[in-house]
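To start, the structure under review is shown below, and the notes come after it.
Each chain gets a letter, A, B and so on, in the order its sequence line appears, and its residues count up from 1.
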Protein chains: 2
Amino acid sequence: MTKRDELIQTAFKLFYMNGVHSVGINQILSEAGIAKKTLYSHFASKEALLEAVIAYRDERFQTWLFGLMNSTSSAPAAIAAMFQGLDDWFNDRVETLMPFQGCFFVKVNGEFFQHRVNELCHAHKQAILDYTQMRLSETYSAEQAAQLANQVVLLKEGAIAQAYLGHDHHAAKLAGSMALALLPTP
Amino acid sequence: MTKRDELIQTAFKLFYMNGVHSVGINQILSEAGIAKKTLYSHFASKEALLEAVIAYRDERFQTWLFGLMNSTSSAPAAIAAMFQGLDDWFNDRVETLMPFQGCFFVKVNGEFFQHRVNELCHAHKQAILDYTQMRLSETYSAEQAAQLANQVVLLKEGAIAQAYLGHDHHAAKLAGSMALALLPTP
DNA sequence: TTAAAAGTAGACAGATCGGTCTACCCCTGA
DNA sequence: TCAGGGGTAGACCGATCTGTCTACTTTTAA
């Protein structure tokens, strides 16, 4: 693994736990065991590092989630796989993601205002909405798929929030049963 | 209004928009037009100010939400009032709350780790869950009320997340219809 | 009236921040 | 062999942060 990747992963871990503005460059460097000049040869600034961290997490999360949902044949099975995956995530049974600390993008988004970072965080959520709608449109009409996708991602976000700030480790199961009950069985 | 309250309100506005760690004491003071010594005569530290801000927002939000839900007779009407209120909030029709910027407690919670602030934010969410369950237990059995309350607050959190990061101004209407569909009509 | 309480303005201290820079080291490939 | 790319260690700079302090003014209440 390159020094660049080590920096990104260490920065992600610290940002995810403590927030972006609470973590200093020197803390990332000492944790990663990397010199300051190396960081600034790969990234122009702390903000550029943050953007790379966001892209890294976005890729990781989408690969994981869409991987789960792709290995299903029907739309309801894809939705079930999504919430089964969330349940695994909330209860730290997913190695590829870090120990559950809520949604990274929600956290980071909350620390910025009218900023490029906000757009990047929104884009992550939009990508998941789009994919979900695409999967649902294989089985349902376009209008139905759009409506159902909004409902499903709303349940997904609610489950993440309840699991994290609500301390509810079963939120994914609850949301999953609610989601499946929404899907018409033709 | 006392200087103390002016400080709390100004700090809330800035923390809510930009995050806690992005906002300095001097910014709060110049915005409020208050001297630094006055701040430190009312609060021992920035963190003490933050705790007062959290308590202020907690009181404001609960008074607003429970006020809406108390002026209803049936449990389904209380749930409907909750999501009608959320819709007003998301679309900036509530003067007592500030212009919608997501959930303050979710934002603040994300900036701290294993910290007293996390407990305060959790307590706010727990209070809303408890009240919701209490209202539902007037009509439904204890088990049913507990289950329904978890579902309702999950939908509420999902709606807030979708309205903010998902840019979906209709999230409250969607979540409200989903919530009402869950309530058995005996 | 007058003394205490509460407020203002802002200099200041000490720490920490992001970012630059020097000096040195180690490995690799032409 | 040796030049150069990539790395380390960390001093250093200017800015900014929280919090303290002095000196002065305004408000308040006995």
Side-chain angles (χ1 to χ4, degrees), chain A residues 1-57 104 107-118 120, chain B residues 1-56 107-118 120:
Chain A
M1 188 166 46
T2 69
K3 297 284 172 184
R4 191 189 132 98
D5 289 342
E6 289 181 34
L7 282 168
I8 288 176
Q9 288 191 23
T10 303
F12 168 74
K13 182 170 52 177
L14 293 173
F15 288 164
Y16 187 34
M17 276 209 318
N18 304 102
V20 174
H21 293 296
S22 306
V23 175
I25 287 292
N26 294 310
Q27 189 181 348
I28 297 170
L29 294 174
S30 69
E31 185 96 359
I34 290 178
K36 192 175 282 195
K37 191 162 193 191
T38 305
L39 190 156
Y40 284 100
S41 75
H42 286 296
F43 305 99
S45 62
K46 183 186 180 182
E47 207 170 286
L49 171 61
L50 173 59
E51 291 189 12
V53 169
I54 290 173
Y56 159 80
R57 181 65 170 184
F104 177 67
K107 284 184 163 187
V108 172
N109 186 69
E111 292 197 58
F112 293 86
F113 182 65
Q114 287 179 351
H115 193 282
R116 175 169 159 74
V117 162
N118 298 115
L120 297 175
Chain B
M1 190 167 44
T2 70
K3 296 284 172 184
R4 190 189 133 98
D5 289 342
E6 289 180 33
L7 282 167
I8 289 175
Q9 288 191 23
T10 303
F12 168 74
K13 181 170 54 176
L14 292 172
F15 287 165
Y16 187 34
M17 275 211 319
N18 304 102
V20 174
H21 293 296
S22 304
V23 175
I25 287 290
N26 294 311
Q27 188 181 349
I28 298 170
L29 294 173
S30 69
E31 184 97 358
I34 290 179
K36 192 176 281 194
K37 189 160 193 189
T38 304
L39 190 155
Y40 283 100
S41 76
H42 286 296
F43 305 100
S45 62
K46 183 186 179 182
E47 207 170 285
L49 171 62
L50 173 60
E51 291 189 12
V53 168
I54 290 172
Y56 160 79
K107 284 183 162 188
V108 171
N109 186 69
E111 291 197 58
F112 294 85
F113 181 65
Q114 286 178 352
H115 193 283
R116 175 170 159 74
V117 162
N118 299 114
L120 297 175

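Between the side chain of B:Lys36 and the base of D:dG19, at least one donor-acceptor pair of N or O atoms lies under 3.5 Å.
Panel note: side chain A:Lys3, backbone A:Ala35; no donor-acceptor pair is recorded below 3.5 Å. The backbone N or O of A:Phe113 lies less than 3.5 Å from no partner atom in the side chain of B:Asn18, so there is not a single donor-acceptor pair. Looking only at distances, no side-chain donor or acceptor of A:Lys36 sits under 3.5 Å from a matching main-chain atom of A:Ile25.
Rounded to whole Å, atom C1' of D:dC13 lies 14 Å from atom CG of A:Asn26. Between A:Lys37 atom NZ and C:dC25 atom P there is a gap of 15 Å when expressed in whole angstrom units. Atoms CD (A:Glu47) and P (C:dG18) sit 12 Å apart, rounded to a whole Å. In this entry the distance linking CZ of A:Phe43 with C1' of C:dT20 reads 18 Å, nearest Å. Note: CG (A:Leu29) to P (D:dG7) measures 13 Å, nearest angstrom. Rounded to whole Å, atom P of D:dC13 lies 21 Å from atom CD1 of A:Ile25. Here the C1' atom of nucleotide C:dT8 and the CG atom of B:Leu7 are 13 Å apart, to the nearest Å. Rounded to whole Å, the distance from CG on B:Asp5 to C1' on C:dG7 is 16 Å.
Atoms NE2 and CD, on A:His21 and B:Glu111 in that order, are 7.0 Å from each other to the nearest 0.5 Å.
Here A:Ser41 does not reach the OP1 or OP2 of D:dG6: none of its side-chain N or O atoms lies under 4.0 Å away. Regarding contacts with the backbone of D:dC17, every side-chain N or O of B:His21 stays at 4.0 angstrom or more from both OP1 and OP2. In this model, the phosphate group of D:dG7 is approached by a side-chain N or O of A:His42 to a distance below 4.0 Å at OP1 or OP2.
In this structure, A:Arg57 fails the cation-pi test against A:Phe12, since its NZ or CZ atom is not both closer than 6.0 Å to the six-membered ring centre and inside 45 degrees of the ring normal.
Ranking D:dT8, C:dG19, C:dT8 by closeness to the A:Ser45 side chain, first place goes to C:dG19.
A:Ile34 comes within 4.0 angstrom of sugar-phosphate atoms only, judged by non-hydrogen atoms across all strands, and of no base.
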